[in-house]
Amino acid sequence: MTRVTTETRTTYRTCPLCEAVCGLEITLDADNRVTSVRGDREDPFSRGFICPKGASLGALDADPDRLTEPIIRDRATDTWRQATWDEAFDLIAERAPAILGDHGRQAAALYLGNPNAHTVAGALYVPALIRALSTRNLYSASTADQMPKQVSSGLMFGDPLTVPVPDLDRTDYLLMLGANPLESNGSLCTAPDYPGRLKALRKRGGRLVVVDPRRTRTADLADEHLFIRPGSDAYLLFGIVHTLFAENLTDIRIEVAGLEQIRSAATPFTPEAVQARTGIPADTVGRLARELAAAPTAAVYARIGTCTAEFGTLTQWLVDVINVLTGNLDRPGGAMFATAAALGIVRTRPFRLGRWTSRVRELPEAMGEFPVATLADEILTPGDGQVRMLVTVAGNPVLSAPAGARLGEALAGLDFMVSVDRYLNETTRHADVILPPPRTLQAPHYDFALLQFAVHNYARYSPPLVALPDDRPSEPEILARLALSLAGQQPEPGRDCVAAVDELIIAGTLHKAGLTERRAELIGADSTEQRIDMMLRLGPYGEWNPDRRPVDIAPEGLNLRVLLDNPHGVDLGALQPRLPGVLRTDSQKVELAPQPLLDDTTRLVAELSAARPDVVLIGRRQLRSNNSWMHNVPALVGGSNTCTLHIHPDDVARLGLGELAAIESATGKLTVPVEPNDRIMPGVVSLPHGWGHSGSTQTVAREHAGVNANALTDDSRIDAVSGNAVFNGVPVTITPV
Ligand SMILES: Nc1nc2c(c(=O)[nH]1)N[C@H]1C(S)=C(S)[C@@H](COP(=O)(O)OP(=O)(O)OC[C@H]3O[C@@H](n4cnc5c(=O)[nH]c(N)nc54)[C@H](O)[C@@H]3O)O[C@H]1N2
Ligand SMILES: Nc1nc2c(c(=O)[nH]1)N[C@H]1C(S)=C(S)[C@@H](COP(=O)(O)OP(=O)(O)OC[C@H]3O[C@@H](n4cnc5c(=O)[nH]c(N)nc54)[C@H](O)[C@@H]3O)O[C@H]1N2
Ligand code: SF4
Ligand SMILES: [Mo]
């Protein structure tokens, strides 16, 4: 029976789909179905901007293939059946403790995927799961993504979360490497309507230079685009550093350590010496250095194309070295640190790298994690400490990790696997149990992580738009119950286990702050909201912070009430200088020459004259994709959003290719549709990641399957310092099919 109704309501909420944190205006009908999604014009940060992914939030929400109940797999027949929540957790409580009892804690591994950076569950309740498992086998999408930036920030500033962002709205000169925000909408640089902000930069007379092996849509917006050979950004940046010293162009305005070491480390990298490696003429390198030094303000920004490369950490380090040497770190228009409103992790001791190493390849940990590039090794290699059980939360590493196909084979051999995920997909199909979170609209939203990297200080809280039935676990409840079930306990269903986690943290935090007696003042509909209220009150603008930064609309200081009263978000002002207060280094100075980076520079010198492969593979992002998991939305697939191999027409002719080609690397071989494209460098080919859904149960995704680019990437090649995966510059051979 269809119920016809004209009753609708309009609600507001932050888009959870990418780092741009756009405000959305969502209309719901009487049955709480989404009838329209628009940009929220009253959001002071995003001002109505929306992209095709955000606009499809309703279709995503209504996806008939999205899991709504737990499912359990019968291993003998490889078939799934629906289960109750109690059945699902009982199975976990029965199986997991036995494995841990027989083989010890390290037998369990945890993999955390990208959406954890966007959900309240990921920020506030995953830590409880990590503590419950207390295994060193902790992995996440971070080591397939931004770990180089976190490690370089940890070494330079003492805190891996203290990451400078380009002051996009005020800078006069932006040098951007390996980022394509016109498709990605930006990363480690939270900036809704990135395209509009770049246009504004040019309109006010600023200059934008884009460095990318492809002439991207972002490059089309720029004053200048430079092709660069994949994986060679560290050489280009060292060439710039060399020139800044050689031509006396430095203008250091902050306290630094290691100046002489970085000067001498840059000696071998003359613009002439790096030219052959990067493909960028020596004159241009010198000119870039002079332009950066001469601009009234300037910022260098480098993202995923440069992180997922062999010298990723060196590259990220050199970005900030140049920002320091040109006097642009921590000044308006340069590269600055945001001041997020919610109290974050309070780090008192300096960042340390490699406090322990992985069992099989002896790779150093970074931020308590091992590289996802060695997860398959830890599962496949027998011995004491072998991983036998895996929990994944919001991740699809079979499509997103290097040598993903090998990882898929490893997952098939696990003794037990649990996934918290919305879909049965290429990774979760190996699980024994899948626990699906409720609808996105049934969860609250606050950007604990992303607002630390915002180009303008801002806060916005979105309560759940649709109520969650009492007997339907929220994602925090799933995680809290999972943590207890893994330890063999059989917790009562209900919100109590979430409240228990929150109470512990609230009590501990208030105790540390000497405010225990003020517990009763915290407001909120549940313990999650009360915890958020506490984080806001204690944060840099907070009501309980005696040194708070003033907020116009909240003279008494920020708390949850202020955010609830301002559903479109609160403008907290332009970025402000934060040095030396944010530093956690032993020296209390910015470290320009940390030893692990100097050590890796020796390797960079050695590689200067290394032989170059004939053809290398890089990736690309597509406006209407979101890593691996939005290909089941009909409006997003098709058109230009297809999994094709971009290759220069000269290479097509040289290699004699037709419509299809075979592409082979050290780890795999795929057959792919050829798309000749004169916007990519000769000798470089590009395949987007996140595809390869031929075996999927998702009906739309299966019809637009594509191939898994990570069947070609190599998990034995990593960025030596951070352990990050290398996706760009993969040697391949291409032959006609
Ligand atoms: N070749 C190549 N590989 C890459 C990259 C590249 O550029 N090239 N990029 C890398 C990068 S930057 C990243 S971040 C990784 C991403 O790597 P992953 O995080 O492993 O992969 P995603 O495709 O983002 O998968 C997200 C999963 O979370 C589920 N999900 C979505 N929303 C929720 C939710 O609210 N709760 C829960 N529990 N689950 C949810 C989805 O169904 C999906 O299974 O991929 C990396 N892989
Ligand atoms: N539409 C859409 N948006 C997304 C995502 C998505 O999948 N789709 N994923 C989200 C995630 S998880 C992330 S981390 C961000 C990433 O956001 P971005 O960092 O902007 O990522 P990309 O768009 O992949 O841009 C990377 C660029 O690096 C170039 N490149 C490749 N190799 C090299 C190299 O060696 N040197 C240089 N200089 N350039 C190189 C590629 O050609 C590409 O244009 O995007 C987020 N936003
Ligand atoms: S740019 Fe990102 S945050 Fe904004 S609407 Fe699109 S997916 Fe959502
Ligand atoms: Mo990412």
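Note that ligands are numbered from 1 as they come in the structure, with each ligand's atoms numbered from 1 the same way.
- Considering backbone and side-chain atoms together, Leu623 places an N or O closer than 3.5 Å to an N or O of ligand 2.
- For Pro213, no nitrogen or oxygen atom sits less than 3.5 Å from a nitrogen or oxygen atom of ligand 2, counting backbone and side chain alike.
- Counting the atoms of ligand 2 from 1 in the order shown, those under 4.0 Å from a heavy atom of Arg303 are 14 (S), 19 (O).
- Not one N or O of Ser187 is nearer than 3.5 Å to an N or O of ligand 2, by distance alone.
- Within ligand 2, counting atoms from 1 as listed, the ones closer than 4.0 Å to a heavy atom of Asp233 are 34 (C), 35 (O), 36 (N), 37 (C), 38 (N).
- Atom 4 (Fe) of ligand 3 has an N, O or S atom of Cys22 closer than 2.8 Å.
- Between Ile228 and ligand 2 there is a heavy-atom distance shorter than 4.0 Å.
- In terms of protein heavy-atom proximity, atom 7 (S) of ligand 3 is closest to Cys51 SG, 3.5 Å.
- Of the listed residues (Asn724, Thr313, Thr315), just one forms a side-chain hydrogen bond (donor to acceptor under 3.5 Å, both in side chains) with Asp719, and that residue is Thr313.
- For the pair Asp212 and Arg620, the salt-bridge criterion is not met [side-chain N within less than 4.0 Å of a carboxylate O].
- Remark: ligand 2 atoms within the under-4.0 Å shell around heavy atoms of Asn626 are 5 (C), 6 (C), 7 (O), 8 (N).
- Of the heavy atoms in Asn626, none comes closer than 4.0 Å to ligand 3.
- The aromatic rings of Phe311 and Tyr235 stand perpendicular to each other, their planes meeting at an angle above 60°, with 30° marking the opposite boundary.
- Proximity annotation for atom 16 (C) of ligand 2: of Arg621, Met176, Met681, Arg621 comes nearest, heavy atoms only.
- For the pair Lys53 and ligand 2, a heavy-atom separation below 4.0 Å is found.
- Ligand 2 places these atoms under 4.0 Å from at least one heavy atom of Arg214: 41 (C), 42 (O), 43 (C), 44 (O).
- The aromatic ring centres of His704 and His693 sit 6.0 Å or more apart.
- For Asn728, every heavy-atom contact with ligand 2 shorter than 4.0 Å involves the side chain, none the backbone.
- Tyr458 has its ring centre less than 6.0 Å from the ring centre of Phe45.
- Looking from atom 8 (Fe) of ligand 3 to the surrounding protein, the closest heavy atom is Cys15 SG, 2.3 Å.
- At least one N/O-N/O distance between Ser184 and ligand 2 falls below 3.5 Å.
- Regarding atom 2 (Fe) of ligand 3, its nearest protein heavy-atom neighbour is Cys18 SG, 2.3 Å.
- Separation of the His689 and Phe727 ring centroids does not fall under the 6.0 Å cut-off.
- Assignment of Gly231 to the shell around ligand 2 is supported, since a heavy atom sits closer than 4.0 Å.
- Taking the six-membered ring where tryptophan is involved, the planes of Trp691 and His631 are essentially parallel, since the angle between them stays under 30° and well short of 60°.
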